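Just so it is clear, the structure is predicted and the values come from calculations on it, not from any experiment. Along the sequence shown, the residues carry numbers beginning at 1. Both counts, for ligands and for their atoms, begin at 1 and track the order of listing.
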Amino acid sequence: MERVDVRGLGTDPVSIRWTGPADLLGLGEEPGFAFPVTVDVRARRLGTRVLVEGRTGARVRLICSRCLEEFEETIDSEVAVEFREGPPPASVEDTDGEGDAEANWFEPPFLDLADDIRQVLLVASPSYPVCRESCRGLCPVCGANRNEAACGHPVAPEAPRTVLGALMNKEQMRHG
Ligand SMILES: [Zn+2]
Ligand SMILES: [Zn+2]
C-alpha cells in the first residue's frame, strides 16, 4: 500500500482507506491470502508521534484442521499502532537488521503502514482453522471425512478431534 505523507497529518484524525491485493502487503507468500485486503484507519499526529487506529480485514482461504477441507472465512481485526519519529536507534544486538521489534518508527515525510497491517492480519489468521464448530473431522481409524459419510467406526467420547490427534493415534497403533 502507499506510504502515508505525514505532512498532511495533524491532531484531527485523517481517514486512510485502502483496498488492494495481499501481495502488496508482503502477504503473497502466505497461504490463504488469495483475496484483496482492506484497510480502514484514521491517523493523527501528536508532536513526534503518529497514532493509527481502525480496522483491517481480508477474506482468506483456509484448510480445516479437523477434516482437511478447504474453506473461506473473513478475518477482521483492530489496528492500533503508535509510530515515533525516527530514525530507529541502532540496537546493540541488532544483527539481523530487524531493529527494535517493539517500537514503530517513521522518518518524515513518509510513514509505512504495510508492515504493521501485515502483522495484524497474520495474527488474526487462525492457527487451527475449523470449517465449522460442528465439524466431525476425519475418522481416527480409517481417515474418512465423517462430515460426508458414516464409515461405521465407533466415535469414542475421547476420540481425538484434530488431525494431529488422529495421526498420533495411527502412529501408536502401528507401534503398539
Ligand atoms: Zn472441517
Ligand atoms: Zn472410520
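The pair Glu85-Arg45 meets the salt-bridge criterion, with a side-chain N (NZ, NE, NH1 or NH2) lying under 4.0 Å from an Asp/Glu carboxylate O. Remark: Arg3 does not engage Asp112 in a salt bridge, criterion side-chain N to carboxylate O under 4.0 Å. By the 4.0 Å N-to-carboxylate-O rule, Glu78 lies too far from Arg55 to be salt-bridged with it.
The local environment of CZ in Phe35 is crowded, with over 12 non-hydrogen atoms from other residues, nucleotides or ligands closer than 6.0 Å.
Between Leu68 and Ile63, the shortest heavy-atom distance links the atoms O-CG2, 3.6 Å. Listed here is the closest heavy atom pair of Arg7 and Pro109: NE-CB, 3.5 Å.
Of the possible polar contacts, none joining the Arg61 side chain to the Glu72 backbone as a donor-acceptor pair under 3.5 Å is found. A donor-acceptor pair under 3.5 Å links the side-chain atoms of Arg118 to the main chain of Leu25, judged by distance alone.
Within the protein, the N, O or S atoms lying under 2.8 Å from the Zn ion (ligand 2) are Cys139 SG, Cys142 SG, Cys151 SG, His153 ND1. Shown are the protein N/O/S atoms under 2.8 Å from the Zn ion (ligand 1), given by residue and atom: Cys64 SG, Cys67 SG, Cys131 SG, Cys135 SG.
Between the side chains of Arg42 and Ser15, no donor-acceptor pair is found at a separation under 3.5 Å.
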